[in-house]
Amino acid sequence: MFKLKSSFKPTGDQPQAIDKLIAGIKKKEKNQVLLGVTGSGKTFTMANVIQNLQMPTLIISHNKTLAGQLYQEFRDFFPNNAVSYFVSYYDYYQPEAYIPTTDTYIEKEAQINELIDKLRLQSTTNILTRSDVVVVASVSCIYNIGSPVEYGKFILEAEVGQEIDPKNILRRLTELQYERSEFEFKRGTFRVRGEKIDIYPAYEDNGFKLTLVDNVVKQITKFDPLTGKQITNSPINKLIIYPAKHYMTDPNIFKNVEQQIRDDLKKESELLKKQKKLIEAERLIRRVNYDLEMIKEVGYVNGIENYSRYFDGRNIGDPPYSLIDYFQETYKDDWILFIDESHMTVPQLRGMFNGDYSRKKTLIDFGFRLRAAFDNRPLKFEEFYPMASKIVYVSATPDEWEVKRSKVTEQLIRPTGIIDPEVIIRKAEGEVPDLVKEIEIRAKKNEKILVTTLTKKTAEDLTGYLKEKNIRASYLHSDIQTLERSDILDNLRKGEFDVLIGVNLLREGLDLPEVSLVAILDADKEGFLRSRTSLVQTMGRAARNVKSQVILYADTITKSIKEAVAEIDRRRRYQSDYNKKNKVTPKNIYKPIRERIIAKDPASILSDFGRAMEEFDLKKIKTESLTPYDKKKIVKKLEIEMKKQAEDLNFELAIKIRDKVKELKE
């Protein structure tokens with residue numbers, strides 16, 4: 001049973017939004033939109049919907065980092081329920097690929113982080129065994145992970161009083177892809193101590209001890225894998241162990257499909273030979289024969305998912321089994337799907353199939369994979385969309401696609417009472433001198449300004465011009481490294497400069513309470529950066545300050561400007577009326593500034609490694625200036641920090657540290 005824990009109660013227009021979404025789901029409406037402005041508490045609204053309906057829930061985000069933040073929030077909201085995090089690519093992921101122009105084959109590489117692996121397996125295990133489930137996932141949840149029916153069949157059951165040969169237990173654990181490890185007891189392993197078998201499930205934080213006497217299970221206990229201390233005195237009568245990997249194959253099924261694979265191998269290799277691709281044909285024969293021998297001997301091979309169509313009994317082109325199938329198989333239609341930031345997430349879901357197909361086609365054309373690899377793929381959008389019967393699209397700027405299909409519920413009131421910024425339109429002619437005047441007015445009050453331009457060069461040139469006018473300015477665009485971007489944003493908040501100029505400031509996740517003006521140059525140049533959605537989002541960057549204003553510099557009023565301004569004005573009227581009616585006085589948002597520590601040399605990095613790694617500039621570590629001894633020390637510390645950052649869900653930084661480790665090792 002879901003039990004929401006929070007010191008807050010729904011306020012503003014959260015109660016009406018919660019009620020409308022619940023009513024829509026109860027009426028079995030397939031599509032609903034939660035249009036919530038930035039800072040209105042959309043996540044809290046979602047949590048209240050789950051609490052009231054008591055329905056298992058899947059939440060999909062377009063970004064792993066945002067998914068991580070959502071997971072942490074929902075884990076706090078539902079501390080006693082099964083909240084899981086599902087991303088497929090661990091610390092970092094390099095898919096299998098081939099580059100024909102340079103004859104470069106790139107093998108699949110994934111550094112598994114134990115925490116993420118546990119949470120992935122925990123997600124599917126929770127779905128199969130519980131009803132109080134929330135899974136927060138990235139868009140990779142539409143990739144193939146094998147059949148939920150098959151996964152559910154692969155279990156080890158042990159019950160007190162059960163007569164069972166210990167050899168059968170060990171054999172079954174091996175079939176479930178658990179490894180025997182007498183010395184390193186970690187997730188996904190087991191060990192034998194006389195008549196006792198210790199098992200560390202891949203999806204748990206605790207180990208289980210089976211005590212057998214004369215082939216009879218006498219006792220089942222839970223213990224701390226680190227200390228060995230028994231965790232609870234309450235007797236455990238029955239234990240079910242689920243597999244250590246998602247994709248499982250039944251040895252009996254393999255006997256049936258092996259011939260199908262060999263027949264396809266013969267057909268496809270002969271086709272390559274007819275095309276005069278003799279090297280490719282030989283490569284394919286060697287690769288597939290090796291994989292088949294490995295599956296026959298150990299039941300698993302790296303890349304086994306490329307044969308999933310055979311094992312699943314699917315026909316060519318049939319959709320693969322994904323996390324969505326686990327929800328459908330277990331809960332039928334009684335679950336909710338939230339698509340967070342739907343204006344970004346829905347297009348990503350649409351585009352994933354084509355990118356995967358293109359990469360696989362090259363591998364198949366050059367003899368690295370059978371054509372069956374095409375069917376180890378993400379779902380097509382037209383396959384994904386019908387699978388959920390209750391979808392809520394969550395966004396401050398939902399796209400036309402979801403709005404057309406949905407009943408829209410608005411959430412426009414912020415707990416702080418801040419209303420959307422006032423929008424002023426001025427002529428583009430003479431925009432820079434006018435902007436300078438506006439900047440000078442605010443700089444005297446220690447307020448900050450954001451300016452968006454259309455090109456990187458314009459951003460750099462404008463920064464130089466403002467500096468000539470003795471205005472403290474800096475620019476921000478995609479050429480600047482992630483760690484430097486964070487430095488620049490913090491420096492703006494600290495008052496080291498007054499104006500930040502960028503091309504697309506939407507992607508930075510800006511949360512800057514000090515900003516009182518957002519200026520959009522060339523606002524009438526229709527396109528991606530000046531669309532209705534982009535304009536509304538850019539204007540929203542000023543919605544953290546009571547005095548906020550937006551100035552659009554445009555010679556013509558485009559359709560996008562007209563619609564964006566009309567939307568902001570509508571929201572302002574609604575928010576102002578609410579504040580007057582409820583006697584709410586808007587208050588600025590206050591957010592502490594985190595101090596940054598930039599290491600200046602390898603020695604300081606080594607001495608300061610106990611502090612937050614995201615504060616260090618990895619580019620300062622110069623490979624050519626290090627001794628072999630220093631390299632080893634830094635590599636060791638970086639690898640520890642990489643795992644820590646991945647554990648904290650800071651995947652982008654973990655990838656950068658991984659790359660630096662590779663550079664040092666080379």
Side-chain angles (χ1 to χ4, degrees), residues 1-3 56 79-84 114 117-133 146-246 248-252 299-300 326 329-331:
M1 182 177 177
F2 286 108
K3 191 170 183 181
N80 299 317
N81 299 113
V83 180
S84 303
E114 280 199 6
D117 196 28
K118 181 200 83 169
L119 291 171
R120 275 169 49 82
L121 290 159
Q122 193 178 66
S123 298
T124 47
T125 305
N126 284 343
I127 293 168
L128 294 175
T129 58
R130 301 179 63 161
S131 59
D132 60 335
V133 171
S147 166
V149 175
E150 289 302 314
Y151 182 82
K153 284 179 185 175
F154 279 83
I155 59 172
L156 165 66
E157 288 186 272
E159 196 168 355
V160 173
Q162 178 184 358
E163 187 173 341
I164 186 169
D165 188 334
K167 290 179 182 176
N168 291 339
I169 296 177
L170 305 185
R171 188 181 299 112
R172 188 56 170 170
L173 286 169
T174 304
E175 288 173 358
L176 300 183
Q177 299 303 319
Y178 284 81
E179 294 179 9
R180 184 165 180 168
S181 178
E182 300 299 334
F183 302 105
E184 188 182 8
F185 192 53
K186 59 182 182 179
R187 286 191 183 90
T189 65
F190 65 94
R191 65 189 179 195
V192 181
R193 296 281 189 272
E195 292 187 312
K196 296 177 180 178
I197 301 172
D198 294 342
I199 307 167
Y200 197 165
Y203 46 86
E204 288 269 7
D205 292 321
N206 306 306
F208 292 91
K209 188 184 297 292
L210 296 180
T211 304
L212 292 92
V213 178
D214 297 330
N215 291 0
V216 174
V217 179
K218 288 294 181 183
Q219 189 180 36
I220 303 172
T221 54
K222 184 190 290 189
F223 66 93
D224 185 323
L226 184 64
T227 64
K229 186 178 178 182
Q230 188 171 324
I231 288 175
T232 175
N233 293 322
S234 303
I236 299 173
N237 292 319
K238 188 173 183 178
L239 176 67
I240 299 178
I241 300 293
Y242 284 85
K245 297 184 186 295
H246 270 128
M248 301 297 298
T249 59
D250 188 332
N252 296 321
Y300 189 81
Y326 280 75
E329 178 69 27
T330 307
Y331 308 123

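Since the model is a prediction, treat every value here as computed from it, not as a measurement.
Pairing each heavy atom of Tyr178 with each of Ile199, the nearest pair is CE2-CG2, 4.5 Å. Residues Pro166 and Asn215 approach most closely at CD-OD1, 3.3 Å, considering heavy atoms. Minimum interatomic distance between Lys186 and Thr189 (heavy atoms only, all atoms of both residues): O-OG1, 2.5 Å. Ile169 and Ile164 get closest at one heavy-atom pair: CG1-CD1, 3.5 Å. Between Glu195 and Val213, the closest heavy-atom pair is OE2-CA, 4.0 Å. Closest heavy-atom contact between Ala244 and Gly188: CB-CA, 4.4 Å.
Salt bridge status for Asp132 with Arg130: present, with a side-chain N to carboxylate O gap under 4.0 Å.
Looking at heavy atoms from C-beta onward, Tyr331 lies in side-chain contact with Val133 at the 4.5 angstrom threshold. Residues Leu239 and Val217 are not in side-chain contact: their nearest non-hydrogen atoms beyond the backbone lie 4.5 Å or more apart. In this structure, the side chains of Ile236 and Lys222 come closer than 4.5 Å at one or more pairs of heavy atoms. A heavy-atom distance below 4.5 Å is found between the side chains of Leu121 and Tyr151. No side-chain heavy atom of Asp214 sits less than 4.5 Å from a side-chain heavy atom of Glu163.
Arg193 contributes a side-chain N or O that, together with a main-chain N or O of Glu182, makes up a donor-acceptor pair within less than 3.5 Å. Without hydrogens or angle criteria, Asn81 side chain to Lys3 main chain gives a donor-acceptor distance under 3.5 Å.
Heavy atoms from other residues, nucleotides or ligands lying under 6.0 Å from CD of Glu179 number 12 at most.
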Item to complete: Show your working on side chain to side chain contact (heavy atoms under 4.5 Å, CB included) between Asp165 and Arg171 and close with a plain yes or no.
Response: CA-CA 10 Å; Asp165 188 334; Arg171 188 181 299 112; over 6 Å; no
Worksheet entry | From CA spacing to verdict: side chain to side chain contact (heavy atoms under 4.5 Å, CB included), Val149, Glu329 | CA-CA 8 Å; Val149 175; Glu329 178 69 27; 3.8 Å; yes
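For the atom pair OH of Tyr326 and OG of Ser123, the computed distance is 10.5 Å after rounding to the nearest 0.5 Å. Atom CD1 of Ile197 is separated from atom CG of Leu170 by 4.5 Å, given to the nearest 0.5 angstrom. Summarising the geometry, atom CD belonging to Gln230 is positioned 5.0 Å from atom OG1 belonging to Thr221; distances are rounded to the nearest 0.5 Å. Atoms CD and CD1, from Glu159 and Ile240 in turn, are 9.0 Å apart once rounded to the nearest 0.5 Å. Atoms CZ and CZ, from Phe154 and Arg172 in turn, are 6.0 Å apart once rounded to the nearest 0.5 Å. Atom CG in Leu119 sits 11.0 Å away from atom OG1 in Thr125 (nearest 0.5 Å).
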Would you list the atom pairs, donor with acceptor, under 3.5 Å between side chains in residues 203-212 and any protein atom, with sequence neighbours excluded?
unit_1	atom_1	unit_2	atom_2	d
Tyr203	OH	Tyr242	N	2.9
Asp205	OD1	Lys118	NZ	2.9
Asp205	OD1	Arg187	NH2	2.7
Asp205	OD2	Lys118	NZ	3.2
Lys209	NZ	Asp198	OD1	2.9
Lys209	NZ	Asp198	OD2	3.4

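Legend: residues meeting side-chain contact (heavy atoms from CB on, under 4.5 Å) with Ser131, ordered by chain and number and at least two apart, are absent.
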